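Data block below; observations after.
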Amino acid sequence: MDKQKQENRPASLTSPSRERSGPASGPKIGLALSGGSGKAISYIGVIEVFEEHDIPIDYITACSSGTIIAGSYACGTMQKLKNDWLSLDKKFILRMFELGDTGQAIFTTDKFANWIRQYIDKRFEDVKPRLGFVSADLKTGTPVVLSLGDIVRAAQASCAVPGLFEPVEWGNMLLADGGLVCAIPASQAKEMGADIVIGVDILSRRHVFTRKTIQYRKRYNLLKESSLFQPIRFLSKQFSKFRSALMLEEQRHPSVFSILGDAMNIVIDVEKHDTDNQFCDVLLAPNVKNATDKIGLKASRVMYEEGRRCALVALPEIERLIKKYQ
């Protein structure tokens, strides 16, 4: 697309909130965004098309990198984020990786948080559309929707890939990558009040772990419950006081290995009842899942344009669903 066409796109991208009240305004529409690291720039293309064709967005639920686009859009800085994103290179991304010192992961997300604060400078309570960022509570294995407080900190939590980035303490919870508990947070959009949910899926795989890794974990879990582990359980009872002290310390400051184990167990449990797609009234799947060069001007522009193309194809179906409510 040439430069003149891009400059002529509507300025509404810098002021996304449009007041809607009452049944006469039509159905409430939710946008559910999966993760996808650098491929998330395709979401900007999707949202631009909706703006240009007056498709209102009342709620956005997001996981992982989808939270950055959602937060920027709600704060009115998505155009700036798009321009900057298109100029990013791999050297910039590498500079965002800072070694952590907690023993819970290799890297911290502090530099990443400082970078996105130039685009996301508000709290959940102060923006429209309403946002809900999905994370996984490593302590309970349950999904958590963050919709109050600091948007950037919530994005950090939802982007905290276990083992790679440090989890985020939020109250009594220890939060990590939202992709552990759902691929597309469509049910969460419904729960927030959306009548129509438009899901966008750019994931190359459903979670961070490979199939082989999950299979190994399943075998380990079976072995742990077998009779072969009885002597170990017996010995652990003999040293119950010492074991309790170790367990208490592990609960306070879980190690990277404990976090990885908990994360894999969450994925195994979620796989038993994976119903993400059934809550999507419309599901968009931009053709970016197999993109190899995720960062760089050429690749980013292609993925951005693919997001636009996919949204344009889906417009007739979305408009048909909206008319059903009018």
Side-chain angles (χ1 to χ4, degrees), residues 16-21 23 25-36 40 42-51 53-75 78 120 124-125 127-137 142-149 151 154-155 157-159 175 177-203 206-207 270 273-286 307 310-311 314-315 317-322 324-325:
S17 60
R18 177 168 59 222
E19 294 297 329
R20 295 178 7 113
S21 59
S25 323
K28 300 294 183 181
I29 297 176
L31 185 61
L33 308 178
S34 70
S42 57
Y43 294 141
I44 296 179
V46 170
I47 294 172
E48 279 186 354
V49 169
F50 290 168
E51 284 282 304
H53 291 81
D54 295 321
I55 304 297
I57 302 173
D58 299 283
Y59 308 96
I60 305 180
T61 50
C63 293
S64 197
S65 58
T67 62
I68 304 170
I69 308 301
S72 174
Y73 175 62
C75 290
M78 194 176 74
I120 304 173
F124 282 103
E125 300 91 324
V127 300
K128 289 183 180 180
R130 285 187 56 196
L131 305 176
F133 292 175
V134 181
S135 285
D137 183 3
T142 56
V144 176
V145 180
L146 302 173
S147 57
L148 296 171
I151 297 176
S158 189
C159 291
L175 302 181
D177 187 5
L180 295 172
V181 287
C182 69
I184 307 166
S187 64
Q188 288 82 0
K190 288 282 189 184
E191 289 167 3
M192 288 181 72
D195 300 306
I196 297 172
V197 174
I198 304 167
V200 190
D201 181 11
I202 60 172
L203 290 172
R206 308 319 291 172
H207 46 73
V270 169
H273 43 81
D274 183 7
T275 57
D276 287 339
N277 290 359
Q278 77 176 38
F279 293 98
C280 295
D281 298 288
V282 181
L283 181 60
L284 280 63
C310 191
L315 272 178
E317 176 64 12
I318 294 170
E319 291 170 343
R320 184 187 67 79
L321 287 173
I322 291 174
K324 285 178 63 178
Y325 281 83

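Given the structure is predicted, the values throughout are model-derived calculations rather than measurements.
Between Cys63 and Cys182 the shortest side-chain heavy-atom distance falls below 4.5 Å. A 4.5 Å side-chain heavy-atom check between Val134 and Val144 finds every atom pair outside the cut-off. Using a 4.5 Å heavy-atom threshold, the side chains of Asp201 and Leu284 count as separate. Residues Pro185 and Leu33 form no side-chain contact, since every pair of their non-hydrogen atoms from C-beta on lies 4.5 Å or further apart. Using a 4.5 Å cut-off on side-chain heavy atoms (C-beta onward), Ile318 and Phe50 make contact. Contact annotation: the side chain of Val197 never approaches that of Thr61 to less than 4.5 Å [non-hydrogen atoms, C-beta and beyond]. Residues Leu175 and Leu146 meet the side-chain proximity criterion, which asks for heavy atoms closer than 4.5 Å. At least one side-chain heavy atom of Tyr325 sits less than 4.5 Å from a side-chain heavy atom of Asp195.
Note: Lys128 NZ to Ile57 CD1 = 14.5 Å, rounded to the nearest 0.5 Å. In this structure, the separation between NZ on Lys190 and CD on Gln278 is 10.5 Å, given to the nearest 0.5 Å. Taken to the nearest 0.5 Å, the CD1 atom of Ile120 stands 7.0 Å off from the CD1 atom of Ile68.
For the residue pair Tyr43/Ser72, the side-chain donor-acceptor check at 3.5 Å is not satisfied. A donor atom on one side chain and an acceptor atom on the other are not found under 3.5 Å apart for Glu191 and Tyr59.
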Check the pair Ile184 / Phe279 against side-chain contact (heavy atoms from CB on, under 4.5 Å), numbers first and verdict last. CA-CA 9 Å; Ile184 307 166; Phe279 293 98; over 6 Å; no
Show your working on side-chain contact (heavy atoms from CB on, under 4.5 Å) between Asp58 and Arg130 and close with a plain yes or no. CA-CA 6 Å; Asp58 299 283; Arg130 285 187 56 196; over 6 Å; no
Evaluate the criterion side-chain contact (heavy atoms from CB on, under 4.5 Å) for residue pair Cys280 and Ile198; output intermediate values, then yes/no. CA-CA 6 Å; Cys280 295; Ile198 304 167; over 6 Å; no
Check the pair Asp177, Ser135 against side-chain contact (heavy atoms from CB on, under 4.5 Å), reporting the backbone distance first and the verdict last. CA-CA 5 Å; Asp177 187 5; Ser135 285; over 6 Å; no
Applying side-chain hydrogen bond (donor to acceptor under 3.5 Å, both in side chains) to Glu51 and Tyr73, what does each step give before you reach the verdict? CA-CA 11 Å; Glu51 284 282 304; Tyr73 175 62; 2.6 Å; yes
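Across every non-hydrogen atom of Met192 and Leu131, the tightest pair is CE-O, 3.6 Å. Scanning all heavy atoms of the two residues, the minimum distance from Ser64 to Ser158 falls at N-OG, 2.8 Å. Pairing each heavy atom of Val46 with each of Gly307, the nearest pair is CG2-O, 3.4 Å. Contact detail for Ala314 and Val282: the closest heavy-atom pair is CB-CG1, 4.4 Å. Between Ile196 and Pro27, the shortest heavy-atom contact is CD1-CG, 3.8 Å. In this structure, Val181 and Pro143 approach most closely via the heavy-atom pair CG2-CB, 3.7 Å.
A salt bridge is absent between Asp281 and Arg320; no separation between the charged side-chain nitrogens and carboxylate oxygens falls under 4.0 Å.
Side-chain atoms of Glu125 never come within 3.5 Å of backbone atoms of Leu148 as a donor-acceptor pair (strictly under, hydrogens ignored).
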